[in-house]
Number of protein chains: 4
Amino acid sequence: MNKRQIKQRDHAIQIREAAEKLFAKRGFYPTTMDDIAREAKLAKGTIYLYFDNKEDLFFSAIENKLDALLARIREAVKEPLSPAQRIKLTIGIHLKFLEENRDCFKIMQSFPEQLKEKLERKLKGRVIERQSQYIKIIDRLIQEAIRKGEVRPLDSRKLAVVLMGIAHSLTVYWISKKEKGSLSEDESLAWEIFWEGARRKV
Amino acid sequence: MNKRQIKQRDHAIQIREAAEKLFAKRGFYPTTMDDIAREAKLAKGTIYLYFDNKEDLFFSAIENKLDALLARIREAVKEPLSPAQRIKLTIGIHLKFLEENRDCFKIMQSFPEQLKEKLERKLKGRVIERQSQYIKIIDRLIQEAIRKGEVRPLDSRKLAVVLMGIAHSLTVYWISKKEKGSLSEDESLAWEIFWEGARRKV
Amino acid sequence: MNKRQIKQRDHAIQIREAAEKLFAKRGFYPTTMDDIAREAKLAKGTIYLYFDNKEDLFFSAIENKLDALLARIREAVKEPLSPAQRIKLTIGIHLKFLEENRDCFKIMQSFPEQLKEKLERKLKGRVIERQSQYIKIIDRLIQEAIRKGEVRPLDSRKLAVVLMGIAHSLTVYWISKKEKGSLSEDESLAWEIFWEGARRKV
Amino acid sequence: MNKRQIKQRDHAIQIREAAEKLFAKRGFYPTTMDDIAREAKLAKGTIYLYFDNKEDLFFSAIENKLDALLARIREAVKEPLSPAQRIKLTIGIHLKFLEENRDCFKIMQSFPEQLKEKLERKLKGRVIERQSQYIKIIDRLIQEAIRKGEVRPLDSRKLAVVLMGIAHSLTVYWISKKEKGSLSEDESLAWEIFWEGARRKV
DNA sequence: AATGAATGAGTCTTCATTCAT
DNA sequence: GATGAATGAAGACTCATTCAT
């Protein structure tokens, strides 16, 4: 990879990072392409060399983050541990990710309803798909735990959803408290409630 | 109250309902005042007789719904039941409300990050306050349950947040499944996981 | 004239006075019919019972003032005095009028260029005509003074214009000084300069 | 200066000239940004690249003209002539300027009362200041003439105001006659009346 | 490849005027 | 006659996107 190519890749990254930051802080509509160009220290026209349009940039930014999260989770799930422990590990990774990417998280939860219907049809799928991949991983972990008799035989998909909801809600609370303390500290609380709530009673 | 007065009140309601519907479906920015006027079957200028501007209308719509929910919850909490039963009742009401107002629910979760900072400062408080009132009610129920030894002595506010998160996540899931089945059916699942997860072990 | 008729006339006057006040203070466009209705303590629709539209009201207000001025001047001109003295008297009346109606004066000088061309054609004439009547009276006084050899044989119309200009400019200056002192005091200055400047040298 | 820069400067000028013309012809409110864009043969959005908003454009247009006039006057005042001659020169320049910029002149006299109070506070000062600079120059010339005993010891500022008023009124008259003849021809009339009216009698 | 000036469709908001009561 | 709610045309301003340099 020569200098020029590096520079090119850099520009795409620069832009995506600027976009991530601003979309996260202000949401989709209030963020202008001018803002992003200024933040990226590039000309406005340059953005269009790397991204089709504003929506494309928006979804690219989110996808990028979600891919990073998915990659980390997939790594964790491979560990040779019991389902319970792997679930706990996953929650930990999830909370740590949200803590590190609090802004991005704010978009992720809100975006699906943000865009005009025409855009939705074209683009929402790109993110939805990743979100459901994520749920699927948790789902499979829970299915395994159910098979092993560690968890009661409930709807595993719904349990996965509930687990995500617990993590999610604690994050929102943490953000609303202006992010005092560490989000990761809530890992055991999330885990405890979910596990006690879901596990098979003796 | 004469005919004219009735008509007036009706118009404010017509507009708010149109706004609720469209803001819920499309979010704040993609919804235009023209859209709302058309939906309400009134002229655009008429909206401005009843609401200061788009933001005011947006928040009025949300407030209205949240007030209705709060009123229902406050009624339920008065019942002469055990904390556990009242918490269960509350979840039921919450899910039923979300089921009946699925659209509005979509805005409620996303709005905080939707608006330009200047607007936020002025107006977000109006909704935030109602949201926290809601959490406070649940919080107090849980505190009571902790005092009575029914729930482990954890951070009651966080438990309230988790309970809401569970209800919330099941709603999102239900919506994502295109709303097949009844959301209320998930009441016992939400309740079971939360209560088993939080209650004092013998 | 019965009670009802008195009341009606009162309403037209109320409205015109409110209009005079507000048009004078803010100019034509920034003054709204709502403002005028509020100031007149009548309903907006009532204005349209007495005036065709906003322009009509505007010109009616100005005409009314100009008619009052013209009446006073015509009275003065009848006095059995020398042209010089009658001109001096006229300047005095003019300055006193402007002092009493400083706001109205502000509109009078600016209005001709204020309105869309379509309106201009229809309505400007109404005021222009009165303005030129006013100049005509001064013109005739000066012609008389020229005939009597008191004033040099210059273009009498231009001299009339210059005289008005002197009075006008001193008024603007007086207003710009936030109306300290009495405008009438400038009567002798205006008179002196004009008369010394115009009269026949011995 | 490359082609692009030339083009840019041109555009700002094109816009200002279009604005000057239209504001002058129709006044502030009846002139729309669309009109100006059409007149300037540029897109509406382009105006906002060079001017903050309509008010800014309005005042920029006036300021520009007044600056040109001030520059010409300042040059004339430097001439090694008697005060009387320099005053005469100044009137000549003033009338010539008004003749060349008859439209702009129309705005200048009317603008102060044209704008909503909020705008006035922010922006009127920009023009008022230039107007008073102009009066100050004439004022100083007259003071000098008084010191030299050429003019009677009257209030020099008021004399300056009167002189401007004479020039001004002749311009209005010339415009009202649909601009027949040359305004500059009135130079000697204006001068004669003012000077005879103001000078020290032997 | 990079730039940023230019574009103009799209939006909120105002306000003169009408008309049912 | 009096009212004031309703109307909708009109206008300032924004901003994603294009394209000549």
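Letters go in sequence order (proteins before strands), and every chain restarts at 1.
- Taking the six-membered ring where tryptophan is involved, the planes of B/Y29 and A/Y29 are tilted, since the angle between them lies from 30° to 60°.
- Residue B/Y29 contributes atom OH, which lies 12 Å from atom C1' of E/dC12 at whole-angstrom precision.
- Contact annotation: A/H11 side-chain N/O to E/dA2 OP1/OP2 distance is under 4.0 Å.
- Counting only heavy atoms from C-beta on, C/T32 has its side chain closest to E/dC15 among E/dC15, F/dA6, F/dC13.
- Of the side-chain N and O atoms in B/Y48, none sit less than 4.0 angstrom from OP1 or OP2 of F/dA6.
- Ring pair A/H11/A/Y50 is perpendicular by interplanar angle, where above 60° counts as perpendicular and below 30° as parallel.
- Nearest nucleotide to the D/A43 side chain, out of E/dG8, F/dC13, F/dT17: E/dG8.
- Taking 4.5 Å as the limit, some side-chain heavy atom of A/M33 sits within range of a side-chain heavy atom of A/Y48.
- Listed nucleotides F/dA12, E/dT7, E/dT3 differ in distance to D/T46; the shortest reach to its side chain belongs to E/dT7.
- If you measure from atom CG of A/L57 to atom P of F/dC15, you get 16 Å, rounded to the nearest angstrom.
- A 3.5 Å limit on both hydrogen-bonding distances identifies F/dT3 as the Watson-Crick or G-U partner of E/dA20.
- For the pair C/L57/C/F23, a side-chain contact is recorded, criterion being any heavy-atom separation below 4.5 Å from C-beta on.
- When distances run from any side-chain atom of C/K44 to the nucleotides F/dA2, F/dA16, F/dA6, the shortest one goes to F/dA6.
- The nucleotide whose nearest atom lies closest to any side-chain atom of D/L42 is, among F/dT17, E/dT7, E/dA2, E/dT7.
- With E/dT3, F/dA2, F/dA16 as the choices, the nucleotide that has an atom nearest any side-chain atom of C/Y50 turns out to be F/dA2.
- Summary of the strand contacts: B/K54 and A/I47 both lie near DNA chain E, and taking for each the nucleotide with the nearest heavy atom, the more 5' one is attributed to A/I47.
- Looking at the side chain of A/N53, the nearest of the listed nucleotides F/dA6, F/dT17, F/dT3 is F/dT17.
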